[in-house]
Amino acid sequence: MRLIRELKLAVLHIKMKTMDRMEDKFVFFLLNLGAVVRLILSLVFFQAIFTKVDAIAGWSFAEVIVLLGTWEFIHSIAWATYFRGGFRRIPVYLQRGDLDILLTRPLNLKTYFIYDNNDLLFSLPTILLAVCLIIYGFSISATDLNILNYLLLLIIGIVIHYSLVVMMSSINFWTIIEQFTYLFSEVADLGRYPITIYKGFTRLALTIVIPVACIYSFPAKALFGNLKISELGAMFGVLIIFLFCSNFIWNRGLRRYESTGF
Amino acid sequence: MRFAKYLITFKNVLQNEMEFRANTVVRFLISMIMLVSALYLWNDVFSGRAEIAGYTKEQLVTYYILVSFIMAAIFSGLPVSEEIQRGNLSAYITRPINYIFYQYWHSLGRKTFRLMVGLPILIAVFVIFKDYVYIITDPYAYLVLAVSVFLALNLLFLIDILINFLEFWFTNSFAINFIFDMSIGIFAGTLIPLAFLPVWVVSIGNFLPFQYTGAFLVDTFLGRLSTEQILLGIGMQLFWTLLLAVFAQLIWARGLKRYEAYGS
């Protein structure tokens, strides 16, 4: 029953936000133009490097393109749902005391933030562009592709990304990070590059502590059949640990919360 | 005496920023995260190569450190579009101040404070990475860098305020700001040095002022430009500043005619 109620609420929110966004056709055009520009710039960046080298840390151009597409896809999904209006705004909710009204409602806040303030309509072109980029990467690759493995690991990557967002935004319950959006986007940017460029402790940290490797690089590696068993194991391990920890930290944070509003 | 009121604004902003200094420190620390990927990426690209596109590995590492420091210090959003949208502009236009001047001194205060806070962080980064960076000992290079940073700061302010003024015509000019942020990454050379870019991208960039807010400053400091190129670049910074200042004044006058505020 609870799940059905949450689903109904989510559909209602998506409808409302979509209707609301239909009013801003010019902004829709500009925002998507911006997303296209960002994608072109990323392509120009990597193409510029590939004019000087044949591979980046063992990754071919096609593999890097799929990685870039994967990054864009997860970024757009997160932005369209849980990151944009929900978890990103926690510092503001806490400073204003706005969380009180949300906590009094009979809903799961961690789920509510997925669809509250969603922006699926405006993000749709960016999501499609990311898919095009992934398909382009497929098409220029000469190796056999494991599409099913890729899709499975992509979904796991999104769940780990969501858990990471929950964990990082929960820190705000202890100390407010005003520049949370900036911090998270810089951390996520580390995943735009193949994980193999990082060495030693940094690579280990980016695999299990801030697991950008599991979120972005491993699905792309799986597509080309380059993912090792140990990496697959690490990914499932990270998924379980992050799901547990995000839930634990979030609940501890909520328990700590004291309203500062009027 | 005419400037006294703006100097007071400058001082007030400095004092205010001092109150929230932790925010500025965090801003610089976050901007350093990007260095991690830049250092590893270029380390891999340079393996077995002495130089690429005229840069040595040390020069490129220094390039990224400086460019991320400069951008964290002088790149900041103005509150102008929000003030236009909310009708808060009325509080300024009824006062005997020039609004653009007021915003300039306000922004100058913030950026000066950021430069002051960022400098020790920058020195610390240079000390930590001393084996990987390109150390410049020529005092002339530091002088030229200081001048060009100041001119770039003015240029960025004017570009920023012009984009904010679009709010007079379009609601939610943040979307245009978003495109601007994207463009500056490539044309100012903050994403990758201009020498790596295809000719067509550089050709487009030559018609825009962005390279004089990033790549030009760092390339000058690294000694990659001749004296003639440096003088030409500073001349271009002044030219764009003058052009955009005139343009900003015109747009402001036109925009003000469209401005309407309601409420108490």
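Everything numeric here is computed off the predicted structure, so don't read it as measured data. Naming convention: chains lettered A, B, ... in sequence-line order (proteins, then strands); numbering from 1 in each chain.
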Q.
Between B:E83 and B:N164, does the side-chain hydrogen bond (donor to acceptor under 3.5 Å, both in side chains) criterion hold? Intermediate values first, please.
A. CA-CA 10 Å; B:E83 282 172 353; B:N164 274 260; over 6 Å; no
Walk me through whether B:W42 and B:Y55 qualify under side-chain hydrogen bond (donor to acceptor under 3.5 Å, both in side chains).
CA-CA 11 Å; B:W42 291 105; B:Y55 286 90; over 6 Å; no
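Looking at B:S37 and A:R192, their side chains never bring a donor and an acceptor atom within 3.5 Å of each other. For the residue pair B:N206 / B:Q211, a side-chain donor-acceptor distance below 3.5 Å is found, with atom types taken as modelled.
Counting heavy-atom neighbours within 6.0 Å of B:F126 CZ, excluding the residue itself, gives a total above 12.
Counting heavy-atom pairs closer than 4.5 Å to chain B, the top residue among A:I49, A:V36, A:V187, A:L206 is A:I49. With chain B as partner, the option from A:I40, A:V53, A:T51 having the largest number of non-hydrogen pairs under 4.5 angstrom is A:V53.
Of the atoms belonging to B:S31, heavy atoms from both backbone and side chain fall under 4.5 Å from chain A. Both the backbone and the side chain of A:Y198 have a heavy atom closer than 4.5 Å to some heavy atom of chain B. The part of B:I52 that comes within reach of chain A is its side chain, from C-beta onward, which places non-hydrogen atoms under 4.5 angstrom from that chain.
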